[in-house]
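Written out below as structure tokens is the structure these notes cover.
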Amino acid sequence: MHDIRVIRANPAAFDAALSRRGLPPIAAEVLRLDEQRVEAVRITQAAQTTRNELSRQIGAAMKAGDSATAERLKAEVKAALDAAAAATPDVHEAARDALLATLPNLLDGQVPDGVDETDNVVQHVQGSQPNRDFTPRQHFELGEALGMDFATAAKLAGARFTVLRGPLARLERALGQWMLDLHVEQHGYTECAVPLLVNDDSMYGTGQLPKFKEDLFGTTDGRWLIPTAEVPLTNFVRGEILAEASLPLRLTALSPCFRSEAGSAGRDTRGMLRQHQFAKVELVSITHPEASAAEHERMTACAEQVLTRLGLVWRRVLLCAGDTGFGAARTYDLEVWLPGQQAWREISSCSNCRDFQARRMEARFRPAEAKALEVPHTLNGSGVAVGRALIAVLETHQQEDGSVILPEVLRPYMGGIEVLRPAA
RNA sequence: GGAGAGGUGGCGGAGUGGUCGAUCGCGUCGGUCUCGAAAACCGAAGUAGGUGCAAGCCUACCGUGGGUUCGAAUCCCACCCUCUCCGCCA
């Protein structure tokens, strides 16, 4: 949600900023709706002032037993209220906010121009592929013999689900546990267990609603399955006035994520790359506005640690204007190299949302040198997607015989298993 | 699911139709006192919107949304949440 004062102060700059996302000018319309609101507020408040004054006089008149005066004043109040009845500030405010709620965040100045992922800028590449004298297989080719079962999942739930069995199921659990432990023990995040079902207000706060309803699964009682733990974690501060000293807040959670994948029919249909349900470790930071840029770098580095320690080949990409998400001002994607697929695939996305979500959530903090309340910044990042990490581990560490050598860091979580071996 | 109780400012807790944005206590901040502190005393302090150069003034907000009334924290209705008991259940 944008600060109406910013738009008022410089509508042309606002439109120019939105145009980077390919959007037409909208500031004039926003201001028109806001002016209607202000006008309605003036009319309503003037009538209320009259009512309050006369009501006091009515009370005095009745106490004095002067019912004639009281009745006359009552008629006067009624006339004043009737005259103002057509002014509906709430309706106008709702109209203005409904429009504002559909406008994406303004981009950071350093975000490169561009329309899609081909315009993203690679900033760093880490690791290199080992030499192999065999053609690496894709994860689902390896997976079949290791306990990856798509047929059973399809029977149970349909397409875009996976059943894991045996050591492979344990590997998924190990990845999640290890990532969580890493962020808690090494990176200063607080582990959280969160609701996987949330209400409209939470989805609105982080920006999934009202625009992206079709990406979500809803429940019969009006709740939503979370598409990422970013939603519950970030909404921790919704409606709160935080103490400045409590910042930054660093929260992490391992959770299942549910996405309808509407609009991606036919994409990545094989394997477990794109699922309706997947596990992810999420990182969320709530920071002082001046600290968010540095926090963004720090958070991304935390996610990068995961990939590096798993021995994966990865790169960091700064998303271009057209590829940066609705709520984000600036986003780094971490892409992992999948040797079986011979492609870079997103495994983490780290965004600085600045005050965009915080305004939607009406989260604020009180500066120590207390004057006006300020709006904190929110950031979120995958640290990292567990399902895709599992894929990357399989494809990266596969051997010619179809076995997979597990990264050292996971072995304590695997009960001594060092190698996944295909079942004959 | 059934029955009951309750949701008021950072916290506790008054207030059941007329200057109530709200008594009071605790906590917080500033000051007096003190070598310093404590205690005591004095004072300040909510959020949002409108208006104004500003000081300030005005409006709304006592879980949320409606309603009654000249006037609602107070009365009525619906919903949400919390607590207690019963039932069911991982």
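These numbers were taken from a predicted model, which means no experiment stands behind them. Letters A, B, ... are given to chains in the order of the sequence lines, protein chains preceding strands, and every chain is numbered from 1.
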Quantified in whole Å, what is the P atom distance between nucleotide B:rA72 and nucleotide B:rG63?
15 Å
Using distance alone, with no hydrogens and no angle criterion, decide if A:Ser351 and A:Asn380 have a side-chain donor and acceptor under 3.5 Å apart.
no
How far, in whole Å, is B:rG87 from B:rG2 if one measures between their P atoms?
16 Å
How many Å lie between CD on A:Gln57 and P on B:rG71, as a whole number?
15 Å
For each nucleotide in nucleotides 57-64 of chain B, reading 5' to 3', give B when a protein heavy atom comes within less than 4.0 Å of its base, S when such contact involves only the sugar-phosphate, and - otherwise.
-BBS----
B:rC89 - base-pair partner by Watson-Crick or wobble geometry, distances under 3.5 Å
none
Cation-pi check for A:Tyr413 against A:Arg173: NZ or CZ below 6.0 Å from the six-membered ring centre and within 45 degrees of the axis, yes or no?
no
On RNA chain B, does the nearest nucleotide to A:Asp34 precede the nearest nucleotide to A:Ile241 from the 5' side, or the other way round? Give the residue.
A:Ile241
Return the nearest nucleotide to the side chain of A:Leu373; candidates are B:rG18, B:rA48, B:rG50.
B:rA48
For A:Ile43 and B:rG49, what is the distance between atoms CD1 and C1' respectively, to the nearest whole Å?
15 Å
What's the gap between B:rG56 and B:rC62 when it is taken at their C1' atoms, as a whole Å value?
26 Å
Salt bridge between A:Glu230 and A:Lys280, side-chain N to carboxylate O under 4.0 Å?
no
Regarding A:Arg267 and A:Glu261, does a basic nitrogen lie under 4.0 Å from an acidic carboxylate oxygen?
no
Does the structure show a Watson-Crick or G-U wobble partner for B:rC29, both distances under 3.5 Å? Name it, or say none.
B:rG43
Separation of B:rG49 C1' from A:Glu362 CD (nearest whole Å):
12 Å
Return the orientation label for the A:Phe161 and A:His276 ring planes: parallel under 30°, perpendicular over 60°, tilted otherwise.
tilted
Pick out the pairs of N or O atoms, protein on one side and nucleotides 51-54 of chain B on the other, that lie under 3.5 Å.
| residue | atom | partner | partner atom | Å |
| --- | --- | --- | --- | --- |
| B:rU51 | OP1 | A:Arg42 | NE | 3.4 |
| B:rU51 | OP1 | A:Arg42 | NH2 | 2.6 |

Rounded to whole Å, the NZ-P distance (A:Lys63 to B:rG17) equals 14 Å
What I want to check is whether the side chains of A:Thr287 and A:Glu295 have a donor and an acceptor closer together than 3.5 Å.
no
Can you tell me how far P in B:rG10 sits from the matching atom in B:rU84, rounded to whole Å?
25 Å
With a cut-off of 6.0 Å (strictly less than), are more than 12 heavy atoms of other residues, nucleotides or ligands near CZ of A:Arg223?
no
Just checking A:Gln123: does its CD atom have more than 12 heavy atoms from other residues, nucleotides or ligands closer to it than 6.0 angstrom?
yes
B:rA22 - base-pair partner by Watson-Crick or wobble geometry, distances under 3.5 Å:
none
What orientation do A:Phe212 and A:Phe326 show, parallel under 30°, tilted 30 to 60°, or perpendicular over 60°?
perpendicular
Separation of the C1' atoms in B:rG27 and B:rU16, to the nearest angstrom:
29 Å
A:Glu71 CD - B:rG71 P separation (whole Å):
13 Å
Does A:Arg364 place a side-chain N or O at less than 4.0 Å from the phosphate oxygens OP1/OP2 of B:rA48?
yes
Paired nucleotide for B:rG36 [Watson-Crick or G-U wobble; both distances under 3.5 Å]
none
At less than 4.0 Å, is any side-chain N or O atom of A:Arg366 found next to OP1 or OP2 of B:rU47? Yes or no.
yes
In Watson-Crick or G-U wobble terms, both distances under 3.5 Å, what is the partner of B:rG4?
B:rC83
Rounded off to whole Å, could you give me the NZ-to-C1' distance for the A:Lys78 and B:rG71 pair?
15 Å
Expressed as a whole number of Å, how far does the C1' atom of B:rG15 sit from that of B:rG66?
24 Å
Does B:rC57 pair with anything, Watson-Crick or G-U wobble, both distances under 3.5 Å, and if so, with which nucleotide?
B:rG50
Under a 3.5 Å distance rule, please check whether A:Arg330 uses its side chain to pair with a backbone N or O of A:Val111 as donor and acceptor.
no
For nucleotides B:rU23 and B:rC33, find the distance between their C1' atoms and express it as a whole number of Å.
29 Å
Rounded to whole Å, CZ of A:Phe365 lies from P of B:rG10 at a distance of 18 Å
How many Å lie between CD1 on A:Ile58 and P on B:rA72, as a whole number?
11 Å
A:Leu180 vs A:Thr252 side-chain heavy atoms within contact, under 4.5 Å
yes
If the C1' atom of B:rG52 is compared with that of B:rA38, how far apart are they to the nearest Å?
46 Å
Could you please name the partner base of B:rU68, counting Watson-Crick and G-U wobble pairs only when both distances are under 3.5 Å?
none
